[in-house]
Participant: 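Mind having a look at this structure? Questions to follow.
Numbers for residues simply follow the sequence, beginning at 1.
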Amino acid sequence: MKRTLFVSLIILALCIILPASVNAQVIVPANKAWTKTGIIVANGDQVTAAVTGSITLDPNVTTTADGMKVVSGPAQKLINAYDRGALLGRVGKKGVPFLIGANGRVTVAGAGELYFGINDDKVKNNTGAYAVTVSVNGKAK
C-alpha cells in the first residue's frame with residue numbers, strides 16, 4: 001500500500017514538473033478571420049507548425065501559408081508587417097498576432113487558447129484552407 005502511494009506521488013510530481021507536449025491537426029479555413037485550436041498554451045511554450053494547403057484571396061490570387069508580397073495597390077492585410085494571406089497565430093481572443101507561416105517555430109508570450117488566423121483584411125471572400133500540424137512543448141493542454 002505504501003509503495004503504491006509512493007509511486008503514485010512520484011508520477012504525479014513528474015507530471016507537474018516535466019513539460020507537456022501536445023500534437024494536433026487543425027484546419028484553418030481561409031474565410032474565417034481566427035480559428036480556435038482547442039490548445040491551451042502557457043507563457044514560454046514552444047509552438048511548431050508545419051502547414052500544407054493553399055488559399056485563394058480576392059481577386060483570385062492563390063498563396064501558401066507564407067503569404068504573398070503586395071507589390072501595388074492597397075495592402076489588404078490585417079497586420080502590415082507580414083505578407084498577405086500568411087498564417088498568423090495569437091494567444092487568447094485579444095492577443096498580439098505573430099507570424100506562423102508555412103514552417104513556424106515560436107515561443108509564445110502569454111497564456112490562453114492558441115488561435116490561427118489569415119493575414120487578410122476581408123476574409124469572407126476567400127476560399128480554401130490551411131492544414132496545420134501543430135506541436136507544443138511546454139505546459140500546453
Side-chain angles (χ1 to χ4, degrees), residues 1 3-141:
M1 175 77 169
R3 178 176 261 191
T4 304
L5 178 61
F6 179 71
V7 170
S8 296
L9 288 174
I10 288 177
I11 291 171
L12 178 62
L14 287 174
C15 289
I16 293 170
I17 295 169
L18 294 177
S21 181
V22 172
N23 298 302
Q25 179 83 20
V26 179
I27 301 299
V28 181
N31 63 352
K32 190 172 179 185
W34 292 100
T35 301
K36 292 181 174 188
T37 65
I39 300 169
I40 306 300
V41 295
N43 189 46
D45 281 356
Q46 188 107 45
V47 175
T48 304
V51 186
T52 59
S54 61
I55 62 173
T56 301
L57 309 168
D58 183 55
N60 298 318
V61 177
T62 301
T63 186
T64 65
D66 283 331
M68 55 174 270
K69 297 219 180 291
V70 176
V71 292
S72 66
Q76 298 176 323
K77 300 185 282 186
L78 180 64
I79 307 297
N80 283 326
Y82 309 127
D83 290 339
R84 184 170 180 229
L87 181 68
L88 304 175
R90 76 175 185 205
V91 177
K93 286 184 179 182
K94 298 187 181 199
V96 176
F98 51 86
L99 180 65
I100 296 288
N103 291 295
R105 177 171 286 199
V106 178
T107 300
V108 297
E113 185 167 6
L114 179 63
Y115 286 75
F116 290 135
I118 307 296
N119 194 23
D120 190 18
D121 65 345
K122 297 176 185 164
V123 296
K124 297 282 186 212
N125 57 5
N126 296 345
T127 59
Y130 294 137
V132 184
T133 301
V134 61
S135 237
V136 182
N137 291 315
K139 297 178 182 174
K141 300 184 236 176

Participant: For Ser135, check side chain to side chain donor-acceptor pair (under 3.5 Å) against everything at least two apart and list the hits.
Facilitator: Asn23
Participant: Under the criterion side-chain contact (heavy atoms from CB on, under 4.5 Å), I'd like the reasoning laid out for Lys69 against Asp83: C-alpha separation, chi angles, the key distance, then a yes or no.
Facilitator: CA-CA 5 Å; Lys69 297 219 180 291; Asp83 290 339; 3.5 Å; yes
Participant: Can you see which heavy atom on Ala129 is nearest to which on Ile27, and at what distance?
Facilitator: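 For Ala129 versus Ile27, the nearest heavy atoms are CB-CG2, 3.9 Å.
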Participant: Distance-only, no hydrogens or angles: does the Asn126 side chain make a donor-acceptor pair with backbone N or O of Ala30 under 3.5 Å?
Facilitator: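 Answer holds: yes.
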Participant: Where do Ala65 and Val51 come nearest, in terms of heavy atoms and distance?
Facilitator: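 Closest approach of Ala65 to Val51: CB-CG1, 3.5 Å.
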Participant: Taking all atoms of both residues into account, what is the closest heavy-atom pair of Thr107 and Gly44, and its distance?
Facilitator: CG2-O, 3.5 Å
Participant: If you apply the rule side-chain contact (heavy atoms from CB on, under 4.5 Å), what do you find for Asp120 with Arg84, and how did you get there?
Facilitator: CA-CA 6 Å; Asp120 190 18; Arg84 184 170 180 229; 3.1 Å; yes
Participant: Report the C-alpha separation of Ile79 and Phe98 in whole Å, then their side-chain angles, then the decisive distance to 0.1 Å, and conclude whether the side-chain contact (heavy atoms from CB on, under 4.5 Å) test is met.
Facilitator: CA-CA 9 Å; Ile79 307 297; Phe98 51 86; over 6 Å; no
Participant: State whether the side chain of Glu113 and the backbone N or O of Ile40 hold a donor-acceptor pair below 3.5 Å, judged by distance alone.
Facilitator: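 Such a contact is absent between Glu113 side chain and Ile40 backbone.
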Participant: Please step through side chain to side chain donor-acceptor pair (under 3.5 Å) for the pair Thr64 and Ser54, ending with a clear verdict.
Facilitator: CA-CA 5 Å; Thr64 65; Ser54 61; over 6 Å; no
Participant: OG1 of Thr37 to CG of Leu114: how many Å apart, nearest 0.5 Å?
Facilitator: 4.0 Å
Participant: For Thr63 versus Met68, what's the shortest heavy-atom pair and its separation?
Facilitator: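 Looking at all heavy atoms of both residues, the shortest contact is OG1-N, 3.6 Å.
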Participant: Checking Asn31 now: which residues fulfil side chain to side chain donor-acceptor pair (under 3.5 Å) with it, not counting sequence neighbours?
Facilitator: none
Participant: How long is the straight-line distance from CD1 of Ile118 back to CG of Leu88, given to the nearest 0.5 Å?
Facilitator: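 CD1 of Ile118 is found 7.5 Å from CG of Leu88.
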Participant: Between atom CG of Asp66 and atom CG of Leu99, what is the distance when rounded to the nearest 0.5 Å?
Facilitator: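 It comes to 7.5 Å.
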